Amino acid sequence: MPESTWKIHEIRQQVAVIDGKQAPSIVLKNTRYLHSVLKKWVNGNIWILNDRIVYVGNEIPTKLTNTEVVDLQGKVVVPGYIEPHVHPFQLYHPQSFADFASQSGTTTFIADNISYVLSLPNQKAFSILDQLKKSPFSFYWWARFDSQTEIENEDELFTNKSVLEWLERNDVIVGGELTGWPRIARGDDMMLYWIQASKIKGKKVEGHFPGASEKTLARMKLFGADGDHEAMTIEEVENRILHGYAVTLRHSSIRPDLPILLEGILEKKLNIFDHLMMTTDGSTPSFHQDGVMDKCIQIAIDAGVSPIDAYNMATYNIARYYNMNHLHGLIATGRFASLNILKDEFSPNPEAVLSKGVWLKRDNQKVNSLPKIDWGHFKPLNLSFKLSDDDFQFSMPIGIEMINDVITKPYSINLQFNKRELPVGLDQSYLLLIDRNGKWRVNTMIKGFDTHVKGFASSYSNTGEIIVIGKNIEDMMLAFEELKKLKGGIVLTENGEVVTSIPLPINGTLFDGDVEELIEYELTLKSEMKERGYKHSDLIYTLLFLQSTHLPYIRITPRGIYDVMQKKVMLPAVMR
């Protein structure tokens, strides 16, 4: 459970405001605000001292020395929005995403820790988390129990000591997500122990159960899962509710399911809105051009959900479920002063945003940027090796065929491999995964990725290894060399020239700049890839999930080509 952050002398000052001995820092008067427990709009005044609401009611303070008094007659105030399921490594990083998301009212985040576990020792990772805690927004974290892929040193990364160190932190409030849940079903008592440890410490356990049967849901509930965000149909929502799960409805760049799910809930007249949450599930940058949690709220209102239920699904319901409604999700005495000021209840994109008592937006204009943090613990990507002709040996029988953005299946390769260039227009390309330290490589073919990409390289991947794709060996080598110059990124090349690139200098996976700038980079890359036959919707997720063994059916991993269903390596990695 998150701990309160106020020291004794701060609490005495807060009480002194009530007693008229000290002036509040801000008073929002004549407000019409959402009371999430009463589920109605209430008129009153909100007193704030620094980062905390100290009073909500009809009174005006007797002492107003140096107090900023804001008259909100005609406006609506709601709690700051909470994003309950963030993957803050989709090219952006936690600080840049929070800075961006705050402008549309999302100021609290419950986030994935996988990038830290895979790249840093715990103490260095914790120093970054502690930096984030000093900023005027709120980050809480998951503790992952598995890597989502097949890596040789998983047992060294996910040790009992390491996982329990994460679970000891008060800002870690979730165990999971459980992408590796089949291991528990097969008898992995260590993962089951971590689930129990999470629950003993009062933390929720988040599932990851796409397409799960009723019996699988029942088994995982018995093992300790509390919630799941993978429902893709109204029937799957109902099944999770029937088995006692907390259900988070998803609207993401690869699963924009929210409108369909809400339509089904309303058609069936399911009275479950008090038990639902919403998430954008770590969507890629350009998906957020029109918002973050405000986007979900707007979809819900447009679908016919009552505004109060829509706002509660992105605020109070989340805070209550995660046992932090003493801090978040409710406009009431003692909570953080994280508030969104709206034109009206039908317009969730706020005109003004307060986050922990700091104005981040006023009159529809950004007035504060969140402080930068030091990413120096992440080593820069220094690729000290070159690719040679030996690395481009593609004489294997099995390739990877893309069914959609993220689902892949095996196919039989019947091409001749003695050419340095495949014909453009062909929907097959060379695919190389290579260790960032140059120790090993995995070669195969990929079908359904593109028709005209000659050279492509990315250091953005599930494990941070290097993905190289293309139809021309020289252009593939050029893309890799450009990647080396950038010290990480995504590069598209053609006919000996760089077409476009995204620099990712933080660990070779994260952009060191504003999300608004990153969106422009991503849109350019998506446009160029679409021109060259990439027909799917989300290239960034494709790169992330090529290695992810929690999805069917075949993956390229550091161990080799991996059969997900059979749990075995089909073709092993080759040492260089």
Side-chain angles (χ1 to χ4, degrees), residues 86-104 115 252-254 280-292 295 366 369-370 372-373 375 378 380-381 383 405-406 436 449-450 452-462 464-470 475-476 478-495 497-546:
V86 186
H87 302 279
F89 49 76
Q90 304 291 39
L91 307 185
Y92 46 71
H93 55 69
Q95 184 276 338
S96 64
F97 185 65
D99 194 50
F100 173 82
S102 68
Q103 295 303 299
S104 55
S115 58
S252 76
S253 51
I254 56 170
T280 59
D281 194 11
S283 292
T284 46
S286 60
F287 182 79
H288 291 297
Q289 286 177 291
D290 55 351
V292 186
K295 177 177 184 169
K366 187 174 186 175
S369 291
L370 298 177
K372 306 291 185 183
I373 69 168
W375 295 102
F378 282 107
L381 179 63
L383 299 172
D405 297 69
V406 300
R436 61 165 49 196
F449 179 78
D450 73 280
H452 288 73
V453 171
K454 290 192 172 183
F456 180 90
S458 174
S459 57
Y460 178 83
S461 66
N462 183 283
E465 315 301 351
I466 312 303
I467 296 169
V468 186
I469 298 173
D475 281 322
M476 293 170 73
L478 175 62
F480 178 80
E481 288 300 315
E482 183 66 17
L483 195 67
K484 287 171 66 173
K485 292 178 186 176
L486 291 174
K487 296 188 181 299
I490 303 173
V491 180
L492 175 65
T493 57
E494 186 172 282
N495 299 331
E497 294 183 354
V498 175
V499 176
T500 190
S501 63
I502 303 177
L504 302 174
I506 302 173
N507 198 37
T509 58
L510 303 175
F511 182 72
D512 190 16
D514 295 335
V515 171
E516 292 86 348
E517 183 183 5
L518 177 59
I519 287 171
E520 295 305 314
Y521 273 111
E522 187 199 359
L523 288 173
T524 299
L525 177 65
K526 287 172 71 173
S527 176
E528 296 289 353
M529 289 295 291
K530 184 177 180 180
E531 283 186 18
R532 289 161 177 79
Y534 179 82
K535 63 182 180 181
H536 308 290
S537 62
D538 199 324
L539 172 66
I540 306 307
Y541 255 107
T542 294
L543 296 174
L544 181 69
F545 280 173
L546 276 176

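Bear in mind the structure is a predicted one, so any value in this text is a computation, not a measurement.
Interatomic distance, T493 OG1 to E481 CD, rounded to the nearest 0.5 Å: 11.0 Å. Put simply, CH2 on W375 and CG on L510 are 6.5 Å apart, with the number rounded to the nearest 0.5 Å. If you take CG on L381 and CG on L383, they are separated by 4.0 Å, rounding to the nearest 0.5 Å. Summarising the geometry, atom OG belonging to S253 is positioned 9.5 Å from atom CD1 belonging to I540; distances are rounded to the nearest 0.5 Å. To the nearest 0.5 Å, the span separating CD on Q289 from CD on E516 amounts to 10.5 Å. A distance of 13.0 Å separates CD in E465 from CG in L546, rounded to the nearest 0.5 Å.
With hydrogens and angles ignored, the 3.5 Å screen pairs a side-chain donor or acceptor of D99 with a backbone N or O of L370. S459 places no side-chain N or O within donor-acceptor distance of the main-chain N or O of T509, the cut-off being under 3.5 Å. Not a single donor-acceptor pair under 3.5 Å links the side chain of R532 to the backbone N or O of D450. Here the side chain of T524 pairs a donor or acceptor atom with the backbone of E520 at under 3.5 angstrom. At distances below 3.5 Å, not a single donor-acceptor pair connects side-chain atoms of N507 with backbone N or O atoms of F378. Side-chain atoms of N462 do not come within 3.5 Å of backbone N or O of F545 as any donor-acceptor pair. Checking side-chain atoms of S96 against main-chain N and O of V515 turns up no donor-acceptor pair under 3.5 Å. For the pair E494 (side chain) and V499 (backbone), a donor-acceptor distance under 3.5 Å is absent. K295 contributes no side-chain N or O that, together with a main-chain N or O of S104, makes up a donor-acceptor pair within less than 3.5 Å.
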Begin from the C-alpha positions of L543 and S461 and carry the test side-chain contact (heavy atoms from CB on, under 4.5 Å) through to its verdict. CA-CA 6 Å; L543 296 174; S461 66; 5.8 Å; no
Evaluate side chain to side chain donor-acceptor pair (under 3.5 Å) for Y541 paired with S252, printing each intermediate quantity in order.
-> CA-CA 11 Å; Y541 255 107; S252 76; 5.9 Å; no
- Message: Between Q90 and Y460, is the side-chain contact (heavy atoms from CB on, under 4.5 Å) condition met? List the steps.
- Response: CA-CA 9 Å; Q90 304 291 39; Y460 178 83; 2.2 Å; yes
Quiz item: How far apart are the C-alpha atoms of H87 and F97, what are their side-chain angles, what is the distance that settles it, and do they pass the side-chain contact (heavy atoms from CB on, under 4.5 Å) test?
Solution: CA-CA 10 Å; H87 302 279; F97 185 65; over 6 Å; no
Before giving the answer on side-chain contact (heavy atoms from CB on, under 4.5 Å), spell out for Y521 and L91 the whole-Å C-alpha distance, their side-chain angles and the decisive distance to 0.1 Å.
CA-CA 11 Å; Y521 273 111; L91 307 185; over 6 Å; no
Decide ring pair (Phe, Tyr, Trp, His ring centres under 6.0 Å) for Y92 and F100; before the verdict, give the C-alpha distance in whole Å, the side-chain angles of both, and the deciding distance to 0.1 Å. CA-CA 10 Å; Y92 46 71; F100 173 82; 8.4 Å; no
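Across all their heavy atoms, V292 and T280 have their closest contact at O-CG2, 3.9 Å. A pairwise comparison of heavy atoms in S286 and E522 identifies N-OE1, 2.6 Å as the closest pair. Of all heavy-atom pairs spanning I490 and L504, the tightest one is CG1-CD1, 4.1 Å. Taking both residues in full, the closest heavy atoms of L483 and G489 are given as CD1-O, 2.9 Å, listed atom of the first, atom of the second, then distance.
Tested against L539 for a side chain to side chain contact (heavy atoms under 4.5 Å, CB included), the candidates D405, L544, L525, T284 yield a single pass: L525.
The shortest side-chain heavy-atom distance between K526 and M529 does not fall under the 4.5 Å cut-off. Side chains of Y534 and V453 form no contact here, defined as non-hydrogen atoms less than 4.5 Å apart.
Within 6.0 Å of the NZ atom in K366, the count of heavy atoms belonging to other residues, nucleotides or ligands exceeds 12.
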